[in-house]
Protein chains: 2
Amino acid sequence: MPEKKTPDRKDQIAQVASEHFHEKGYMAVSMRDLAKEVGIEAASFYNHYESKGSILKEICFRMADEFFSGLNRALSEHHLPAAQLQAIIREHVGVVLKNFSASAVFFREWRHLSEPWLSQFLELRRRYEEQVRQVLSQGMNQGLFRQMDQNVVVYTLFSLLNGLHEWKEVQQRFSPQEVTDHIAGIVLNGIAVGDQAKHHKS
Amino acid sequence: MPEKKTPDRKDQIAQVASEHFHEKGYMAVSMRDLAKEVGIEAASFYNHYESKGSILKEICFRMADEFFSGLNRALSEHHLPAAQLQAIIREHVGVVLKNFSASAVFFREWRHLSEPWLSQFLELRRRYEEQVRQVLSQGMNQGLFRQMDQNVVVYTLFSLLNGLHEWKEVQQRFSPQEVTDHIAGIVLNGIAVGDQAKHHKS
DNA sequence: CCTACCGATCGGTAGG
DNA sequence: CCTACCGATCGGTAGG
């Protein structure tokens with residue numbers, strides 16, 4: 001009596017789905033497409049996931065967990081705003097580069113989540129952004145960052161972080177450290193007073 | 001004998017389609033969805049467009065035209081690399097803010113173009129990027145920009161430019177001039193030698 | 001621009 | 001995990 005429902009199968013499906021959702025978009029990938037790639041029949045998916053949407057849900061929320069873990073690690077291990085900000089960037093970059101397809105799905109395909117997951121997802125993103133804003137506020141209040149429109153700074157930071165997955169060669173060409181140093185350099189030197197943040201190396 | 005095929009109808013369809021493709025994604029919008037919004041039957045679309053894909057094609061290539069017009073204007077009206085770069089940014093920002101939905105479709109939905117349009121589209125993007133690279137190269141060769149990895153600079157610039165459409169409040173909160181100044185400030189002060197680019201205002 | 005309709009494919013279920 | 005199948009919906013066409 002062979003084991004058919006191997007414990008890896010669910011992870012394998014999530015991995016294959018991440019890659020296909022990344023390349024073609026969630027709506028353009030059918031259960032039959034995934035089935036062919038995984039090597040089972042389409043109907044067999046429903047032994048592992050209750051619906052197509054639940055695969056997307058798992059990918060998105062697993063990535064959200066990863067991003068929050070990184071954020072919490074960054075905040076607990078550093079206390080100066082500039083160091084915290086750089087650690088946030090390093091953790092974020094690490095998560096993206098380690099889960100390239102899944103993070104692209106996270107950033108690009110979340111709008112296809114169904115309720116109540118969609119609302120929960122947006123709430124998580126709001127909280128992530130809020131925590132980053134607090135670091136910026138502290139840096140400004142302590143006179144470590146220049147006083148500037150916080151929305152503009154947040155936009156700049158998240159554009160650079162969330163756009164990483166559009167840059168295909170980044171994984172091969174640069175180490176996480178190089179990417180981190182670059183983004184941190186742009187953001188910190190753009191908002192820090194004087195040179196004090198310029199020599200922060202992680 | 002009333003005019004049924006008004007000359008505005010095709011533009012109206014493109015406008016409605018841009019908004020729906022932006023909000024839900026190309027694959028998640030059916031011809032019947034669009035029909036309902038436009039106020040005609042789904043079958044009637046085929047008097048204006050030969051297929052669903054041709055609506056997407058028109059949106060994407062019309063935006064490509066807009067971006068190239070802006071690029072050419074920037075390059076012909078300025079000659080110093082820093083001024084050219086800032087003009088490129090200003091033109092690009094202007095196009096995005098003036099065509100918010102359509103530009104989001106341009107950046108996000110182009111992968112659903114069918115051949116040969118997909119290949120043509122990618123070639124256009126490659127040429128746009130190539131022209132920007134040349135400005136960067138000239139700036140570096142003339143000693144006006146710091147010598148740094150060009151891929152990294154291009155990535156930074158395009159992340160900020162191409163991510164604009166993700167920032168919903170940008171249209172209401174900031175003028176094109178403010179957005180331009182911000183992005184140009186980040187990019188130019190990040191790569192320019194000394195302060196010479198710092199006081200370039202458009 | 002509409003009515004009527006087509007074949008294909010979709011996500012998902014029943015039953016084993 | 002598979003075979004067999006379902007209702008719904010898709011993009012698109014014929015004919016007027």
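Lettering follows sequence order; numbering is per chain, from 1.
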A.B. asks: Can you spot which of B/Met63, B/Lys98, B/His92 makes a side chain to side chain contact (heavy atoms under 4.5 Å, CB included) with B/Ser103?
C.D. replies: B/Met63
A.B. asks: Please determine if B/Glu23 and A/Arg111 form a salt bridge, counting it only when a charged side-chain N lies under 4.0 Å from a carboxylate O.
C.D. replies: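 Salt bridge between B/Glu23 and A/Arg111, a charged N being under 4.0 Å from a carboxylate O: no.
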A.B. asks: Over how many whole Å does the gap from A/Glu50 atom CD to C/dA14 atom P extend?
C.D. replies: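 So the CD-P distance, A/Glu50 to C/dA14, works out to 14 Å.
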A.B. asks: Mind telling me whether A/Tyr128 and A/Phe158 have parallel, tilted or perpendicular rings, with 30° and 60° as the class edges?
C.D. replies: tilted
A.B. asks: So that I can tick it off, tell me whether B/Glu41 and B/Arg32 are bridged by a salt bridge, with the cut-off set at under 4.0 angstrom between side-chain N and carboxylate O.
C.D. replies: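 Looking at B/Arg32 and B/Glu41, the cut-off is not met.
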A.B. asks: Does the distance from a Lys or Arg side-chain N to an Asp or Glu carboxylate O, for A/Arg126 and A/Glu129, drop under 4.0 Å?
C.D. replies: no
A.B. asks: Can any side-chain N or O of A/Trp110 pair as donor or acceptor with the backbone N or O of A/Phe107 at less than 3.5 Å?
C.D. replies: yes
A.B. asks: Whether A/Arg108 and A/Glu166 form a salt bridge (side-chain N of Lys/Arg under 4.0 Å from carboxylate O of Asp/Glu) is what I want to check.
C.D. replies: yes
A.B. asks: Near DNA chain C, counting only heavy atoms under 4.0 Å, which residues of residues 25-45 of chain A show up?
C.D. replies: A/Val29, A/Ser30, A/Met31, A/Arg32, A/Ala43
A.B. asks: Output yes when a side-chain donor or acceptor of B/Glu115 lies under 3.5 Å from a complementary backbone atom of B/Ser119, and no otherwise.
C.D. replies: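 Yes; at least one donor-acceptor contact below 3.5 Å.
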A.B. asks: With pairs taken as Watson-Crick or G-U wobble and both distances under 3.5 angstrom, which stems of at least three consecutive pairs involve DNA chain C?
C.D. replies: C:1-16 with D:1-16
A.B. asks: Please check: side-chain N/O of B/Tyr49 versus main-chain N/O of B/Leu56, any donor-acceptor pairing under 3.5 Å?
C.D. replies: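 Not a single qualifying donor-acceptor pair exists.
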A.B. asks: Could you pull out the closest heavy-atom pair between B/His112 and B/Tyr26, with the gap in Å?
C.D. replies: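 Here B/His112 and B/Tyr26 meet closest at CB-CD2, 3.5 Å.
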A.B. asks: To the nearest Å, how far apart are A/Lys52 NZ and C/dT13 P?
C.D. replies: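 A/Lys52 atom NZ is separated from C/dT13 atom P by 15 Å.
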A.B. asks: Quickly work out the B/Ile55 CD1 to D/dG12 C1' distance and round it to whole Å.
C.D. replies: 12 Å
A.B. asks: Nearest-Å distance, OH (A/Tyr46) to C1' (D/dA4)?
C.D. replies: 15 Å
A.B. asks: List in numerical order all residues of residues 108-117 of chain B for which some heavy atom is under 4.0 Å away from an atom belonging to DNA chain C.
C.D. replies: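 Those residues whose heavy atoms fall under 4.0 Å from DNA chain C, taken from residues 108-117 of chain B, amount to none.
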